[in-house]
> 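First the structure, then my questions, so here it is.
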Amino acid sequence: MTTADQTDTQAPAGALAPQYVPGDVETRRYQGWVDAGYFTADASSPAPSYTIMIPPPNVTGSLHIGHALDHTLIDALIRRRRMQGYNTLWLPGTDHAGIATQNVVERELAKDGLSRHDLGREAFVERVWRWKAEYGGKILGQMRRLGDSVDWSRERFTMDEGLSRAVQTIFKRLFDDGLIYRAQRIINWCPRCMTALSDIEVDHFDDDGELVSIRYGDGDGSVVVATTRVETMLGDTAVAVHPDDPRYASLVGKTVELPLTGRHIPIVADPHVDPEFGSGAVKVTPAHDPDDFEIGRRHDLPSLTVMDERGVITAPGPFEGLDRFEARPAVLTALRAEGRVIAEKRPYVHAVGHCGRCGTTVEPRLSLQWFVKVGPLAKAAGDAVRDGRVRIYPAQLAARYFDWVDDMHDWCISRQLWWGHRIPVWYSPSGEVRCVGPDEEVPNDEQGWVQDADVLDTWFSSALWPFSTLGWPDDTADLRTFYPTSVLVTGYDILFFWVARMMLFGLYAMAGVGPDESVPFRKVSLHGLVRDAHGKKMSKSRGNTVDPLDWISRFGADATRFTLARGASPGGDVALSEEWVIGARNFCNKLWNAVRFALINGAESGGVPDVGSLSVPDRWILSRLGAVISQADALFEEFEFAKVSDLLYHFAWDEVCDWYLELAKVALNGEDQAAALATRRVLGHVLDQLLRLIHPLMPFVTEELWTALTGGESVMIANWPSGLESADAVAEAEIESLMRLVTAVRRFRADQGLRPTQSVPAILSGIELTPLAIHERSIRSLLRLTGAGDSFRPNASVEAEGITVELDTSSGIDVAAERRRLEKDLATAVADAEISERKLANPAFVDKAPAAVVAKSRDRLAAAKADIARLEERIATLS
RNA sequence: GGGUGCAUAGCUCAGCGGUAGAGCACUCGCCUUACAAGCGAGGGGUCACUGGUUCGAACCCAGUUGCGCCCACCA
């Protein structure tokens, strides 16, 4: 019979179906929560607040597995705190994502053969807004599928009016404080995106280049320089050597002819040059290399720009108009023709910067840009972590944070884009510069004032997210209630991009409210990247990606969430495969059926009877429940999602389902009505509490089950369990003993090929002398042992826990199998005894090891010896 | 180039000073009225290598090898 067949015929009226089907339960439940207002925070609540800001996904984005991981963890934290009575706020929203969004809309335009320049700035920006209205925020809808308990009434977008005001306010404040400045600098330039990039938007990876040595000048006055970017020699304005290099001492101060150009350039001495590298002489191109720019500054050299913003050569001559990668071989050929090329080394593997957005090779470019002077801000950001006002989990990642924050370059914040926060600075024809705050009047363009054309790095507004979303710069109730936020949950990959910058700006903007209150968040919980089953990075080209929406529709949101949580150790990457999620889906079903069992058996969740009237199995499971609650709490506090998931999984499955439910059956079906009632109540209580514990991780099934079990309104507003004083060592020891006995007999039965379903007559000799005496009925039930009738002829026995279980296996026993088993057990016992014996024979061990360890060894030895004696006797009597 | 992390069962990982653990996979037996998306039993690891510290090392230290990650303006 198939499962489907059973569905209709077996389920008692009013009970749950035998399988959990997520499907419509999830959408129905989610809408129910929203309608009930459970997600909405209350700025006037007297309860302590607990706030998490969503790491705002790009408006262009859709929910991928990385978001699913992040959101699962955040939602778990939020839901637990909500159940604990906190005034919780999980604030959702999206990021305007400057380059990314502009690229998307530009691609759309390109389909019609248009560029943004065809539209003009205003129309283009308008177009992006229209795109946003139509397609943006798709991800927000998808978050509902995951079950994210976000406060939809507080949704924000980084380009919202309020957030834009925050951007302008802090820009003005930083400008006035001298922490924002404009300067000619060598910056990372993407010739495709045609904009400046900050250092961290550049990825370095090895490229095959070639290192070419070229002779400048002739005869005694010549020097040899090496370069990987030959074409930049067109912009050389000097050759530099080390001041103490004897080889060049006589040349310093003289000039040398620059090939192909007819220009003569000076030879300067600069300590930055490494005399060990190559020839010890360096070509200096101040306009196209950051190092050279510094050398140029020190020696007052001219900066000669020979390439435009598209990477096309602008130096007059035969190379003008060539792309930089065409110019490179062309220049080389010309140099070779003049006999200037001394040596070539190819391939020459070296790290080259690439645009983090489009992968194009970055060109260092001299240009006028806006910068944040990070020095004092970064100092404060480092100190806040150093003195513990902000704690990073796992702590080891704090080192990486310090490395960056303590040695941070000034942040280039201007971007030559159209989509973003416009830099609030105006220039007058007379050269006057005016930074304008949000409430100030914009300078009159009739007088020739023009606004700076650039927009701000998208991370500039993200850096304000923890407080701009709450109404800053206004003194709002939200800001007072929810700032500082409680914890920031995100991947370690954006520690620098985002986390560090929120620290910079949060501490600066909120400085007035006191050192402990100005931090943007009190804790940072960093998780890793999602990888495939073999730890490989997920990528579309590898074809190993997991679409969370696909998993949600096939296995349910709960299974998807649980799989992610179960893999998430602090700072650790998460390996995923479909096998894992199937296991999680099965777990949902396991819980489903446990509650189904409880309902069929009339479980009551109104509370637990007095301990004195409880059976040992009831006391045992309550004791274990209390311990699990305490452990789960401790693990949640440390962001140990993998461990807490594992703990709850094993408690639910191994202890509650595999043992407690089986033991409960005995009481539930027994004659003793009082005992049955007590067990019904304990059963109901344990499942009630268990569902509460699991709810943060798997909100939907637990809601469905908890409401069915308890008749309550919603588990998400039920109280979080507290580790009640239920520790019961006696009950735990007794049940553990029972488990060992049952397992030993099952093992025997399996070895003997006795069907698990077959009842076997048996007597339990000696049980009356053990604590298990009161459990005989349970033991017989678990093992399907029947009473010994008149025809009882024991032909086999199993010894464990001081009890001899004598069985009458009608078919007789398999002596060979039994002997094999006994000999194997004997071998383990002997080995066990040997190890303990050897240790105890060592006086140093007995002397130095802790008493408890020595005692344990003695116990083990005694037990092993007893086993050996017993097993030898059994083997002897076998034949 | 500078940091930093990891090498434990077929796979993904936990354990971090006292006789090796989980999930999945695997083998055997079971449709036992909560669940076959299940139940029971079982097999499988000289904890990368070499030294050292210790009564005792998967765990601490040093070195070696192999991976990974982060940072980086060496022409």
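Here is the naming used below: chain letters follow the sequence lines, and residue numbers restart at 1 for every chain.
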> Tell me the interatomic distance from Leu668(A), atom CG, to A34(B), atom C1', rounded to whole angstroms.
12 Å
> If pairs are Watson-Crick or G-U with both distances under 3.5 Å, what is the dot-bracket string of RNA chain B, marking crossing pairs with [ ] and pairs to another strand with |?
((((((((.[[[[.)..(..]]]].(((((.......))))).....[[[[[..)....]]]]])))))))....
> Could you tell me which residues satisfy side-chain contact (heavy atoms from CB on, under 4.5 Å) with Asp289(A), sequence neighbours excluded, listed by chain and number?
Arg229(A), Asp291(A), Asp292(A)
> Across nucleotides 70-75 of chain B, 5' to 3', mark each nucleotide with B, S or - according to how protein heavy atoms within less than 4.0 Å reach it.
SSBBBB
> Rounding to an integer number of angstrom, what distance separates U54(B) and C59(B) when you compare their C1' atoms?
13 Å
> Protein-nucleotides 8-18 of chain B N/O pairs closer than 3.5 Å?
from	atom 1	to	atom 2	distance (Å)
G15(B)	OP1	Lys643(A)	NZ	3.2
G18(B)	O2'	Lys839(A)	NZ	3.0

> Run the salt bridge (Lys or Arg N to Asp or Glu O under 4.0 Å) test against Glu201(A) and tell me which residues pass, sequence neighbours left out.
Arg415(A)
> Does Lys665(A) have a side-chain nitrogen or oxygen under 4.0 Å from the phosphate oxygens OP1 or OP2 of U32(B)?
no
> Who passes ring-ring contact (aromatic ring centres under 6.0 Å, His included) against Tyr348(A), sequence neighbours left out?
His350(A)
> Once you measure the plane-to-plane angle for Tyr649(A) and Phe587(A), does it fall in the parallel (<30°), tilted (30-60°) or perpendicular (>60°) bin?
tilted
> Say we look at U4(B) and G56(B): how far apart would their P atoms be, to the nearest angstrom?
31 Å
> Could you tell me how far G42(B) sits from C47(B) if I compare only their C1' atoms? Round to whole Å.
23 Å
> In whole Å, measure the gap between the P atoms of C61(B) and G1(B) for me.
25 Å
> Just call it for Arg749(A): base, sugar-phosphate, or nothing, with non-hydrogen atoms closer than 4.0 Å on any strand.
nothing
> Looking at Glu834(A) and Lys839(A), is there a salt bridge between them, counting it only when a charged N and a carboxylate O are closer than 4.0 Å?
no
> Whole-Å distance between C69(B) P and Leu529(A) CG?
10 Å
> My understanding is that only residues two or more places apart in sequence, or in another chain, count here; which of them pass ring-ring contact (aromatic ring centres under 6.0 Å, His included) with Phe293(A)?
none
> How close or far is atom P of A37(B) from atom OH of Tyr649(A), stated in whole angstroms?
14 Å
> Can you list the residues that meet the side-chain contact (heavy atoms from CB on, under 4.5 Å) rule with Val546(A), with sequence neighbours excluded?
Ile65(A), Met538(A), Trp551(A)
> Decide, yes or no, whether a salt bridge links Arg821(A) with Glu818(A) under the criterion of side-chain N to carboxylate O below 4.0 Å.
no
> I'd like the C1' distance from C16(B) over to C28(B), given in whole Å.
36 Å
> If we ignore angles and hydrogens, is there a donor and acceptor under 3.5 Å between the side chains of Trp659(A) and Asp654(A)?
no
> Are any of Asn586(A)'s side-chain N or O atoms less than 4.0 Å away from OP1 or OP2 of G38(B)?
yes
> Determine the contact category for Cys588(A): base if any of its heavy atoms lies under 4.0 Å from a base atom, sugar-phosphate if only primed atoms, P, OP1 or OP2 are that close, otherwise nothing.
nothing
> Measure the distance from CZ on Arg784(A) to P on A41(B) and round it to the nearest whole Å.
14 Å
> Contact between Phe562(A) and Asp558(A) at the side-chain level, heavy atoms closer than 4.5 Å - yes or no?
no
> For a quick check of understanding: with a heavy-atom distance under 4.0 Å over all strands, which category does Ile186(A) fall into, base, sugar-phosphate or nothing?
nothing
> Taking the C1' atom in each of U64(B) and A22(B), what is the distance between them to the nearest angstrom?
32 Å
> For Lys824(A) and A41(B), what is the distance between atoms NZ and P respectively, to the nearest whole Å?
13 Å
> When we call it a touch if two heavy atoms are under 4.0 Å apart, what does Asp832(A) touch: a base, just sugar-phosphate, or nothing?
base
> Taking atom P of G21(B) as reference, at what distance in whole Å does atom CG of Leu647(A) sit?
18 Å
> Rounding to an integer number of angstrom, what distance separates U46(B) and G21(B) when you compare their P atoms?
15 Å
> Quick one: on RNA chain B, does Val21(A) or Asp646(A) contact a more 5' nucleotide (nearest heavy atom)?
Asp646(A)
> Distance-only check: which donor-acceptor pairs under 3.5 Å involve side-chain atoms of residues 394-407 of chain A, not counting sequence neighbours?
from	atom 1	to	atom 2	distance (Å)
Tyr401(A)	OH	Ala381(A)	O	2.7
Asp406(A)	OD1	Arg386(A)	NH2	3.0
Asp406(A)	OD2	Arg386(A)	NH1	3.2

> Does Glu662(A) reach a base, just sugar-phosphate, or nothing at all? Heavy atoms under 4.0 Å.
base
> Can you run down the side-chain hydrogen bond (donor to acceptor under 3.5 Å, both in side chains) pairs that involve residues 572-582 of chain A, sequence neighbours left out, and say none if there aren't any?
Tyr492(A)-Asp573(A), Arg531(A)-Asp573(A), Arg554(A)-Glu578(A)
> When you check the phosphate oxygens OP1 and OP2 of G42(B), does a side-chain N or O of Arg747(A) lie under 4.0 Å from one of them?
yes
> So, using ring-ring contact (aromatic ring centres under 6.0 Å, His included) as the criterion, who are the partners of Tyr248(A) when residues are at least two apart?
none
> Using the ring-ring contact (aromatic ring centres under 6.0 Å, His included) criterion, which residues pair with Phe845(A)? Sequence neighbours excluded.
none
> Taking the C1' atom of each, how far is U27(B) from G44(B), in whole Å?
11 Å
> Rounded to whole angstrom units, what separation is found between the CZ atom of Arg746(A) and the P atom of G40(B)?
6 Å
> Specify the separation, in whole Å, of atom CZ of Phe597(A) and atom C1' of U32(B).
13 Å
